[in-house]
Student: 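Take a look at the following structure, please.
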Amino acid sequence: MGHKAMPTGSVRQRCGRYTVWALLLITGLVVVVPSSFTAQPKREANSFAPPSWYDRTVQHECVLGTDYLGRSYAAVLGRAISATTRVAFFGTAAVLFGVLAVGTLQGSTQSKLLGAILASGNLGVMAVPQVAVLITIATSWSRTSPAWMVNTSMMAVLVLFAIPTGARLIAERVRSVNQTRFVAASQAFGASWWYTFRRDVFPHLLEDIAWIVASVLPMFVAVEVGLAYLGIEYREFEGLGRALAKSFGSIFNGIAQFQLVVTIAVILWVALIPQIILKLLNVRGFAEESV
Amino acid sequence: MSDALRIEGLSVYGQGQYDFGRQNADERESNDPLSGQQNTAASGARGYEVISQVNLSLRAGKVLGLVGETGCGKTTLINSILGLLPASLSVASGRILIDPEEQPVDLLQLNNRQRAAYLGLRIGYVPQDVRSGLNPLMSARQTVREGAKRKRDRKHQRSAITQRTDDALRRAGLSDDFLRSDADRRPGRLSGGQCQRVLIAQAIVNEPSVLLLDEPTASLDPTSRHQVLETIRRLADDGAAVCLVTHDLAAIASMVDSVAVMYLGRLVEIGSADQVLRHSRHPYTRGLLGCVPRLDEKRTLQPINGEAPVSGNGLTGCRFYPRCPLRQIQCEVDEPQLSKAQLEHQVACHVAE
Amino acid sequence: MRGVKRLATTLLILISFGTLSVTFAFYIVSRTDELAEERLQMSDVKPPPPEAFSERYARWIKTVVSSRFSDFGQSRTGPVKNIVASRLPITATIGMSSWLLGWTCGLGLAVGLTTRWRPWAQFHQQRLYPIAHAVPSLVVVILFYLVMIQFDPHPSRQLRTGVGIASLVVLMVPSTTALWLNGIQRVLQQEYVRVARARGISSVTVWRRHVLPNVLVSSGVLTQAVFSLAGLVVGSAFVEGVFRLGGVAEAFIAAATHGQAEMAAFATLLYFLVLAAGVLIAEGITVYLDPDGAQSHANW
């Protein structure tokens with residue numbers, strides 16, 4: 001029995017790993033392809049029409065129909081996925097950097113000041129509605145302000161909101177790993193701080209990092225989608241939120257309803273990819289400790 | 001004196017291989033107050049052995065000291081009586097009879113609701129951990145009173161309940177001063193000794209005929225320990241059958257009537273306090289006594305060799321054989337059974353025989 | 001005494017935080033009004049000079065105080081007080097109902113997962129909750145709307161409100177269950193619960209007197225519950241929008257985008273009033289259950 005269990009486990013593990021790579025590859029393609037290979041969908045002022053199956057300009061049937069501007073919805077959706085995913089990846093990377101920097105600093109130094117800032121930040125994140133802050137920040141910029149400034153300010157708010165919770169988690173892990181004997185032994189051998197962190201501490205943070213990514217990335221997707229629906233979105237940006245809002249706006253049209261369902265499926269796919277990967281890699285959750 | 005509680009051939013088994021992590025998880029699950037009845041497994045579905053074929057009687061007015069190293073099954077025995085075994089453990093066989101000589105009732109055959117009619121009323125229990133044994137949000141008086149409410153006397157009158165609550169606190173050795181000024185405090189503002197007495201008070205408030213105490217003096221200072229032991233002795237003198245679980249042999253030597261020694265889930269020696277503590281015959285008991293420091297005698301302590309394994313699974317013959325300084329070839333093959341060495345003094349050892 | 005001190009500190013922090021937030025909201029949104037002026041400057045008609053933030057804010061405060069909190073200024077569509085008064089009932093209904101149902105269902109599920117469906121508890125905490133947490137709330141709300149219109153293309157207001165509340169409850173339940181479950185599992189490990197069972201105390205009493213009070217005081221459930229109630233004032237914006245119900249959250253968004261600083265500031269004030277009321281009630285419960293503060297989860 002025991003002899004059989006081993007290969008089965010390893011086969012499952014290998015399959016999981018292959019599936020993860022396949023998922024990452026598909027997602028990567030979806031992010032990269034629309035910009036590189038798909039032509040910019042046509043925007044024609046005279047085609048403000050309800051969504052349909054046909055591209056009126058060339059009179060051919062489109063896979064997912066056309067949107068309210070007469071563009072192929074598949075191309076629109078592809079570009080939207082690409083845009084939303086890029087923002088989510090960029091935002092997650094910024095959060096991860098902040099979380100690691102602040103968390104490691106706090107975990108290593110046990111600074112009371114930083115601890116208090118993190119604690120009050122955590123409290124602030126709970127007490128202040130993120131959406132309200134984003135709405136006020138987004139609307140405070142003048143129409144002539146450059147899009148990158150507006151978008152950066154919104155991203156900054158999101159990153160700042162996400163850092164305290166993750167940083168506290170990392171700080172706690174760093175603190176507990178620093179108290180272990182192997183770290184003490186490493187330091188006793190005269191290893192530098194960077195060497196100890198890289199070899200002894202960082203491997204213990206990987207699971208937490210995976211879970212931070214899995215919870216922060218969907219947050220960026222959710223905010224983009226939600227704000228676009230409320231009419232306050234990143235400037236000069238056409239993401240999944242706009243696609244959802246526009247198809248929802250024509251919900252009583254059959255094609256739009258179909259496009260809405262497809263868009264929802266795509267949003268769920270993008271938001272849940274990290275969770276699916278964690279499940280396939282069998283990484284244990286920190287939900288119990290973090291909630 | 002008649003038996004108040006009798007354990008007959010009790011065996012408890014754990015599921016699968018022994019695994020500390022798993023057991024902890026199961027203990028967490030089993031702590032659920034709404035869980036089902038005592039786990040009773042068919043004897044065929046056995047895993048690792050925790051308690052094996054234990055026979056024991058608790059007599060009214062007597063204190064039985066149940067001693068042994070950590071992990072020998074003392075607390076599991078108490079939990080079996082209370083129906084609080086972790087989900088990973090189950091009773092494989094045996095009976096636990098309350099009132100065995102008048103109207104015997106097997107506690108193992110009862111469901112949670114039926115058992116609750118005995119717990120707190122006929123059987124009192126004092127836990128091991130003084131601080132965490134008391135609800136931090138309930139005052140000392142509220143804790144004892146909650147138990148007192150269970151006994152429906154004089155139509156559940158408030159004054160009668162208050163009276164019984166205060167009486168229990170007094171009988172547990174708490175002064176009138178405590179009742180006036182400290183009884184309404186929560187455990188966080190009481191000393192360890194006071195907490196222990198409150199726990200004793202909640203156990204005795206309904207004057208149970210059986211009192212189970214799981215290492216009640218483990219975390220107390222010597223003064224408090226002495227006072228608590230005196231209180232326990234007094235309760236036995238009032239007629240309760242007391243089972244005192246401990247590994248502090250020195251502390252209980254002067255106040256127990258009989259002693260049962262457990263090793264790896266089995267009773268290895270049982271007899272009167274004098275027989276077991278002064279004329280012990282089992283090498284394990286002697287080993288335990290050899291570890292007890294004494295102020296009146298300057299000597300080197302002689303601990304038992306090695307550590308007790310977590311389970312007796314895989315061992316044939318005597319469980320103590322690998323650590324026994326007097327082991328013989330027979331010990332490795334034949335498992336010794338409890339047999340009378342003298343009147344009421346039973347030992348499970350080939351060498352002692 | 002200790003409880004009173006704690007309450008006073010909490011109140012002071014809330015007042016300071018609330019005042020700052022209201023001022024900040026007024027400042028930011030009043031800038032939006034200046035932008036409108038910028039746009040006007042591009043036309044031939046010379047716009048009136050923009051009113052400075054300090055003057056406008058001082059005037060608003062003066063109006064509010066002099067009217068003894070009965071006038072909160074004017075919005076473009078009428079008095080702020082009237083707009084909020086007409087929209088508050090729907091927001092309050094959505095917020096309170098979904099909050100109550102969300103937390104009650106969470107508690108029920110958590111109790112069930114610790115007693116009857118134990119194998120699912122770990123599954124919920126490690127798999128279901130993180131996945132549910134990752135699903136964008138707007139998507140869930142839209143899905144509910146989509147299903148509703150399949151059955152009734154012209155739903156009544158009551159039906160829209162009911163389904164809207166249901167969508168919010170579904171969104172809340174995984175996290176409320178996770179919070180309750182986490183607290184309950186921690187308390188059930190405590191020795192005093194085992195002792196209570198060993199004393200033959202009924203299951204209901206054990207839960208009522210030993211488990212739940214300790215979960216409330218020590219696990220942070222109360223803190224989260226208060227913040228989630230206040231959060232629903234804004235969080236119900238999606239439900240109000242998708243189900244076309246028209247509430248305070250929608251008014252706040254309209255105010256922010258159109259530079260109606262008085263309206264935005266009043267909506268922020270309302271949010272902090274709800275938050276303050278919730279915090280004070282939670283503090284009261286904590287002080288009542290744990291006057292010594294020995295177990296309290298200091299989260300504010």
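Chain identifiers are assigned alphabetically (A, B, ...) following the order of the sequence lines, protein sequences preceding nucleic acid strands; residue numbering begins at 1 within each chain. Remember, it's a predicted structure, so these values are computed and weren't measured experimentally. Side-chain atoms are counted along with the backbone in the values below, which use heavy atoms only and exclude waters and symmetry mates.
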Student: By a 4.5 Å heavy-atom criterion (distance strictly below it), what part of L244(A) contacts chain C: side chain, backbone, both, or neither?
Tutor: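 Only the side chain of L244(A) comes within 4.5 Å of chain C.
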
Student: Evaluate the side-chain proximity of V131(A) to F252(C): yes if any heavy-atom separation is below 4.5 Å, no if none is.
Tutor: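 F252(C) does not reach V131(A) side chain to side chain.
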
Student: More than 12 foreign heavy atoms under 6.0 Å from CZ of F17(C): is that the case here?
Tutor: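 Yes - once you tally the heavy atoms of other residues, nucleotides and ligands closer than 6.0 Å, there are more than 12.
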
Student: If I take atom CZ from residue F238(C) and atom CG from residue L230(A), how far apart are they, to the nearest 0.5 angstrom?
Tutor: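 One finds 5.0 Å between CZ of F238(C) and CG of L230(A).
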
Student: Quick check for you: among V141(C), I149(C), L181(C), T268(C), which has the greatest number of heavy-atom pairs under 4.5 Å with chain A?
Tutor: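 Among V141(C), I149(C), L181(C), T268(C), the one with the most close pairs to chain A is I149(C).
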
Student: Taking side chain as everything from C-beta outward and backbone as N, CA, C, O, which of these in I131(C) sits under 4.5 Å from a heavy atom of chain A? Side chain, backbone, both or neither.
Tutor: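 Both parts, backbone and side chain.
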
Student: Mind listing the closest non-hydrogen atom pair of A271(A) and P136(C) along with its distance?
Tutor: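 In terms of heavy atoms, the two residues are closest at CB-CD, 4.1 Å.
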
Student: V135(C) and L272(A): which non-hydrogen atoms are nearest, and at how many Å?
Tutor: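 Reported closest heavy-atom pair: CG2-CD2, 4.2 Å.
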
Student: Less than 4.5 Å to any heavy atom of chain A: does that hold for the side chain of E240(C), its backbone, both, or neither?
Tutor: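 Neither part, no heavy atoms under 4.5 Å.
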
Student: Between I232(A) and chain C, with a heavy-atom cut-off of 4.5 Å, which part of the residue counts as in contact: side chain, backbone, both or neither?
Tutor: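 For I232(A), the side chain is the part near chain C, not the backbone.
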
Student: Less than 4.5 Å apart, side chain to side chain, heavy atoms only: is that true for Q150(C) and Q257(A)?
Tutor: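 They are in side-chain contact.
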
Student: For the pair Y229(A) (side chain) and V242(C) (backbone), establish whether a donor and an acceptor sit closer than 3.5 Å, ignoring hydrogens and angles.
Tutor: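 Indeed, once roles are kept as given, a pair shorter than 3.5 Å links the two residues.
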
Student: What are the two closest non-hydrogen atoms of G226(A) and L138(C), and how far apart are they?
Tutor: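 Taking every non-hydrogen atom into account, CA-CD2, 4.0 Å.
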
Student: Above 12 or not: heavy atoms from other molecules or residues under 6.0 Å from CZ of F252(A)?
Tutor: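 Atom CZ in F252(A) is crowded, with more than 12 foreign heavy atoms closer than 6.0 Å.
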
Student: Can you measure from CG (L268(A)) to CG (L143(C)) and round to the nearest 0.5 angstrom?
Tutor: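 If I round to the nearest 0.5 Å, the distance is 7.0 Å.
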
Student: Rounded to the nearest 0.5 Å, how far does CG of L260(A) lie from CD1 of I142(C)?
Tutor: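 Going from CD1 on I142(C) over to CG on L260(A), the span is 6.0 Å.
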
Student: Which atoms of V133(A) are under 4.5 Å from chain C, going by heavy atoms: the side chain, the backbone, both sets, or neither?
Tutor: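 Neither part.
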
Student: Of the backbone (N, CA, C, O) and the side chain (C-beta and beyond), which part of Y145(C) lies under 4.5 Å from a heavy atom of chain A, both, or neither?
Tutor: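 Answer is side chain: those atoms of Y145(C) sit under 4.5 Å from chain A.
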
